[in-house]
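Naming: A, B, ... by sequence-line order, numbering from 1 per chain. Keep in mind that the numbers below use all heavy atoms, side chains included, and drop hydrogens, waters and symmetry copies.
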Amino acid sequence: MSFSITLPDGSKRDFDKALTVGDLAHNIATSLGKAAVAAKVDGQLEPVDYQLNKNAKVAIITNKDDEALNVLRATAAFLFEAVAKKAYPELHFGEHAADKDGFYVDTDKTNQIKISELPQLEKAMKKSIKNGEKIEHVQVAKSDLEAEFKDDPYKGALLKNEKGDTVDAYKLGDFTDFGFDALLPNTGKIKYFKLLTVAGAYWMGKSSNPMLQRISGTAFFKESALKADLKRRDEIKERDHRTIGRDLDLFFVDPKVGAGLPYWMPKGATIRRVIERYIIDKEVADGYQHVYTPVLMNLNAYKTSGHWAHYRDDMFPPMDMGDGEMLELRPMNCPSHIEIYKHHIRSYRELPIRIAELGMMHRYEKSGALSGLQRVREMTLNDGHTFVALDQVQDEFAKILKLIMDVYKDFDITDYHFRLSYRDPKNTQKYFSNDEMWEKSQKMLKGAMDDLGLDYVEAEGEAAFYGPKLDIQTKTALGNDETMSTIQLDFMLPERFNLTYVGKDGEEHRPVMIHRGIVGTMERFVAYLTEIYKGAFPTWLAPIQVEVIPVNLDAHSDYAKKVRDELNKRGFRAEADLRNEKLGYKIRESQTQKIPYTLVLGDKEMKANSVNVRPYGTDDEIAKSLDDFIKEIDKDVNSYSRKNK
RNA sequence: GCUGAUUUAGCUCAGUCGGUAGAGCGUUUCCCUCGUAAAGAAAAGGUCGCCAGUUCGAUUCUGGCAAUCAGCACCA
């Protein structure tokens with residue numbers, strides 16, 4: 001027997017008898033042997049007692065590697081299970097996982113674990129950790145495990161997913177579980193962990209299945225890392241747009257007047273208006289014709305479009321007008337823009353026809369999904385539809401993508417990835433059934449991305465009901481993935497609404513429709529920006545750009561008003577704080593309100609027709625002439641500067 | 001929608017083992033007239049989420065509903 005192990009640096013080591021990953025690590029260096037947590041063997045995560053007996057590529061993982069954290073957390077999850085099972089012998093376990101956010105274990109409901117019981121369980125875990133209890137890695141025949149878990153409602157099903165006749169299982173005392181890539185050989189290393197929350201989660205992630213309880217927590221190798229992570233979790237709250245929205249008086253949602261129906265206060269409305277003007281200008285410059293269409297539409301239009309068949313759960317119930325007419329609050333405005341297209345006979349010479357609208361949509365979101373401006377029941381969509389000939393699809397697609405990238409640049413959106421969203425062919429309830437069209441459009445979309453040489457992930461079951469999409473997924477400041485922009489190819493609706501244009505040949509042809517959104521909805525986009533900027537909006541977006549504060553009310557109010565008026569006249573959003581309060585008090589408020597520029601005006605400034613500038617987040621006092629300040633802020637606004645970030 | 005927790009003044013939160021409530025911040029008024037992150041005083045402000053039930057009496061106990069939060073499912 002002889003085989004060789006290839007290490008990450010390319011070097012090879014030959015062996016003539018089997019050895020464990022741990023032995024290999026020791027063989028390389030004693031210190032590495034001590035630090036080894038697990039290994040990647042041909043890309044697969046394996047524990048330190050894994051037997052090497054044939055040619056393989058091996059990378060030893062120590063606690064400096066990200067994957068080591070997953071091993072640690074999986075071990076913590078396993079220990080939690082063992083301890084919880086001891087405390088509640090009748091408890092069953094569902095799925096468990098460990099990743100960059102921590103770990104979780106699903107348990108069944110018959111024996112609810114309350115959040116108040118977590119400290120006791122933590123204590124029991126700590127006891128085991130202190131004792132450094134051994135975790136035994138065993139290969140068990142699948143049939144033995146099936147026998148052991150024969151009364152378990154979940155483990156049997158999970159066992160079916162395990163490949164082969166033997167299963168990698170782990171034992172701590174008489175507790176056994178499986179489904180881990182690799183665990184530590186001993187509980188002693190799980191020093192710094194915390195159980196965090198108890199929440200519901202569906203068994204196997206299906207809402208038709210019973211709901212289990214998910215206990216989640218996190219673990220680190222270093223105490224400082226755990227502390228930093230707990231602090232990070234706390235600080236996330238400070239970025240929450242709901243908190244900032246209230247503190248800065250941007251918007252409110254009040255169940256008394258309707259859950260999920262936000263009210264935009266003047267400051268929030270200002271931010272939104274600036275964005276709306278920006279995006280309309282941008283789109284008009286890119287060849288879009290902006291329109292307004294009604295929020296109500298005859299239900300028949302949504303029957304024709306397929307919304308009524310495939311999207312009804314997300315729609316408000318129709319209004320019965322009593323004379324046979326049924327009106328529907330629109331959930332999307334593709335049918336509205338189709339009506340605009342159909343209003344005239346269209347020639348190939350006009351194509352592409354680009355229709356855009358900041359249109360208000362209503363969708364009946366499930367109560368549990370509502371969240372501030374992030375998920376609402378009334379939203380203004382940055383929507384647009386372009387109607388093109390078949391041979392224009394690629395160019396139009398590239399043009400839209402360029403527009404999106406231009407906008408991202410101005411808003412400094414850099415953390416995003418592309419996702420091609422396809423239908424799930426098995427889900428006939430959700431998607432139009434027309435295999436040929438789906439194949440064609442999905443292939444065309446992928447081809448367009450490949451031609452542009454862009455990287456993407458593919459996701460089945462994420463398409464719109466009428467066609468596949470390119471989704472641009474951004475990361476929010478709170479770490480959630482969300483769809484910011486989308487480009488969707490649609491062969492279905494032109495067919496259903498019998499859209500035509502007259503070709504060069506004088507015959508009628510069918511156009512292709514491209515649905516696209518740049519910044520998604522105004523609601524979600526403002527929520528996103530609020531979190532990214534932590535409420536300190538860049539000057540071009542800030543609801544109040546300049547706060548003017550007189551040193552002495554009697555002596556300097558007139559000059560403060562004069563400066564404010566001059567700024568307002570030039571189109572800047574300036575306010576003068578003429579309340580009877582101390583200077584320090586007003587400065588403080590101007591800072592907590594995150595206003596980009598605070599101007600303090602006293603005798604010196606009045607005499608010299610100057611201002612004293614304190615930019616947000618600093619304690620600078622910069623004296624300059626009013627003219628110079630105006631030049632500075634003008635430059636700041638026009639550059640879409642992010643310096644407040 | 002589901003599971004759990006929560007809901008008391010504009011905000012953050014105490015409190016009442018059943019006898020209708022408090023603090024800090026904010027607001028208003030008075031006072032102070034001030035050079036870069038909170039001067040001082042007084043006052044106003046609450047159907048104790050909503051609807052039932054039990055009780056002599058419910059903010060407190062019980063039930064239902066709604067909303068909010070965490071997560072799941074869904075999703076822009």
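Between the CD1 atom of Ile115(A) and the P atom of G4(B) there is a distance of 13 Å, rounded to whole Å. Rounded to whole Å, the distance from CD1 on Ile113(A) to P on A70(B) is 22 Å. As rounded to whole Å, 11 Å separates atom C1' of A73(B) from atom CZ of Arg214(A). Atoms OH (Tyr202(A)) and P (C74(B)) sit 9 Å apart, rounded to a whole Å. Put simply, CD on Glu581(A) is 11 Å from P on U29(B), counting in whole angstrom units. In this structure, Ile518(A) places its CD1 atom 16 Å from P of A76(B), rounding to the nearest Å. Between the CZ atom of Arg588(A) and the P atom of C34(B) there is a distance of 23 Å, given to the nearest Å. Distance Leu599(A) CG to U36(B) P: 16 Å, rounded to the nearest Å.
No donor-acceptor contact under 3.5 Å links the side chain of Arg242(A) to the base of C69(B). In this model, no side-chain donor or acceptor of Gln213(A) finds a partner on the base of G71(B) within 3.5 Å. The base of C11(B) lies outside donor-acceptor range of the side chain of Arg246(A), with no N or O pair under 3.5 Å. For C75(B), the base has no donor-acceptor partner in the side chain of Arg363(A) [N/O atoms by modelled type, under 3.5 angstrom]. For Arg614(A) against A37(B), a side-chain-to-base donor-acceptor contact under 3.5 Å is present. Residue-to-nucleotide contacts include no donor-acceptor pair under 3.5 Å from the side chain of Tyr364(A) to the base of G1(B). Side-chain atoms of Gln473(A) stay outside donor-acceptor range of the base of A76(B), with no qualifying N/O pair under 3.5 Å.
Nucleotides A70(B) and A52(B) are separated by 32 Å at their P atoms, to the nearest Å. Rounded to whole Å, the separation between the C1' atoms of A44(B) and G26(B) comes to 13 Å. Between U60(B) and U16(B), the two C1' atoms lie 7 Å apart (nearest whole Å). One P atom belongs to G53(B), the other to U59(B), and the distance between them is 13 Å to the nearest Å. Comparing the C1' positions of C75(B) and A58(B) gives a spacing of 42 Å, expressed to the nearest Å. C51(B) and U12(B) have their C1' atoms separated by 29 Å, given to the nearest Å. Comparing the same atom, P, in G64(B) and in G46(B) gives a spacing of 31 Å after rounding to whole Å. Across the P atoms, A37(B) and A73(B) are found 48 Å apart, a figure rounded to whole Å.
Among the atoms of the strands shown, none is found under 4.0 Å from any heavy atom of Ser590(A). Among the atoms of the strands shown, base atoms are found under 4.0 Å from some heavy atom of Asn612(A). Across all strands shown, Gly520(A) has no heavy atoms under 4.0 Å from either base or sugar-phosphate atoms. Among the protein residues, Asp620(A) comes within range of no part of the nucleic acid, since none of its heavy atoms lies under 4.0 Å from any strand. Using a 4.0 Å heavy-atom cutoff across all strands shown, Glu605(A) reaches at least one base atom of the nucleic acid. Within the 4.0 angstrom heavy-atom criterion, only backbone atoms of the sugar-phosphate kind lie near Gly205(A); the bases stay farther away. Base contact: Val600(A) has a heavy atom under 4.0 Å from a base atom.
Applying the Watson-Crick and G-U wobble criteria (two distances, each under 3.5 Å), A14(B) pairs with nothing in any strand. Nucleotide U59(B) forms no Watson-Crick or G-U wobble pair with any nucleotide shown, as no partner meets the under 3.5 Å limit on both distances. G26(B) makes up no base pair with any nucleotide shown, lacking Watson-Crick or G-U wobble contacts both under 3.5 Å. Of the nucleotides present, none pairs with U54(B) by Watson-Crick or G-U wobble criteria with both distances under 3.5 Å. Pairing for A44(B) is absent, with no Watson-Crick or G-U wobble pair whose two atom distances lie under 3.5 Å. Using N1 to N3 plus N6-O4 or O6-N4 for Watson-Crick, or N1-O2 and O6-N3 for G-U wobble, each under 3.5 Å, U20(B) pairs with nothing. Under the Watson-Crick or G-U wobble criterion, with both distances below 3.5 Å, A39(B) has no partner in any strand shown. Pairing of C69(B), defined by two Watson-Crick or G-U wobble distances under 3.5 Å, is identified with G4(B).
Between the His241(A) side chain and the Leu373(A) main chain, a donor and an acceptor come within less than 3.5 Å of each other. For the pair Gln591(A) (side chain) and Thr598(A) (backbone), a donor-acceptor distance under 3.5 Å is absent. Proximity of a side-chain donor or acceptor of Gln545(A) to a complementary backbone N or O of Tyr597(A) within less than 3.5 Å is not detected. Judged by distance alone, with hydrogens and angles left aside, the side-chain atoms of Arg524(A) form no donor-acceptor pair with the main-chain N or O of Met484(A) at under 3.5 Å.
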May I have the step-by-step check of side-chain hydrogen bond (donor to acceptor under 3.5 Å, both in side chains) for Arg614(A) and Ser590(A), ending in yes or no? CA-CA 10 Å; Arg614(A) 175 167 173 160; Ser590(A) 182; over 6 Å; no

Before giving the answer on side chain to side chain contact (heavy atoms under 4.5 Å, CB included), spell out for Gln488(A) and Tyr466(A) the whole-Å C-alpha distance, their side-chain angles and the decisive distance to 0.1 Å. CA-CA 9 Å; Gln488(A) 311 169 356; Tyr466(A) 45 77; 2.5 Å; yes

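Toward the 5′ end of RNA chain B lies the nearest nucleotide of Ala259(A), the other residue of the pair Arg419(A) and Ala259(A) mapping further downstream. For the pair Ala199(A) and Thr483(A), nearest-nucleotide mapping onto RNA chain B gives the more 5' position to Ala199(A).
Between Asp106(A) and Tyr154(A), the side chains place no donor N or O within less than 3.5 Å of an acceptor N or O (distance only, hydrogens not considered).
Listed pair Ser367(A) / G1(B) meets the phosphate criterion, a side-chain N or O lying under 4.0 Å from OP1 or OP2. Using a 4.0 Å cut-off, no side-chain N or O of Lys586(A) falls inside it from OP1 or OP2 of A38(B). Here Asn552(A) does not reach the OP1 or OP2 of U33(B): none of its side-chain N or O atoms lies under 4.0 Å away.
Surrounding CZ of Arg277(A) are at most 12 heavy atoms belonging to other residues, nucleotides or ligands under 6.0 Å away.
Aromatic ring orientation, Tyr311(A) versus Phe465(A): tilted (interplanar angle from 30° to 60°).
Across A76(B), C74(B), G35(B), the shortest atom-to-atom separation from the side chain of Lys469(A) is found for A76(B).
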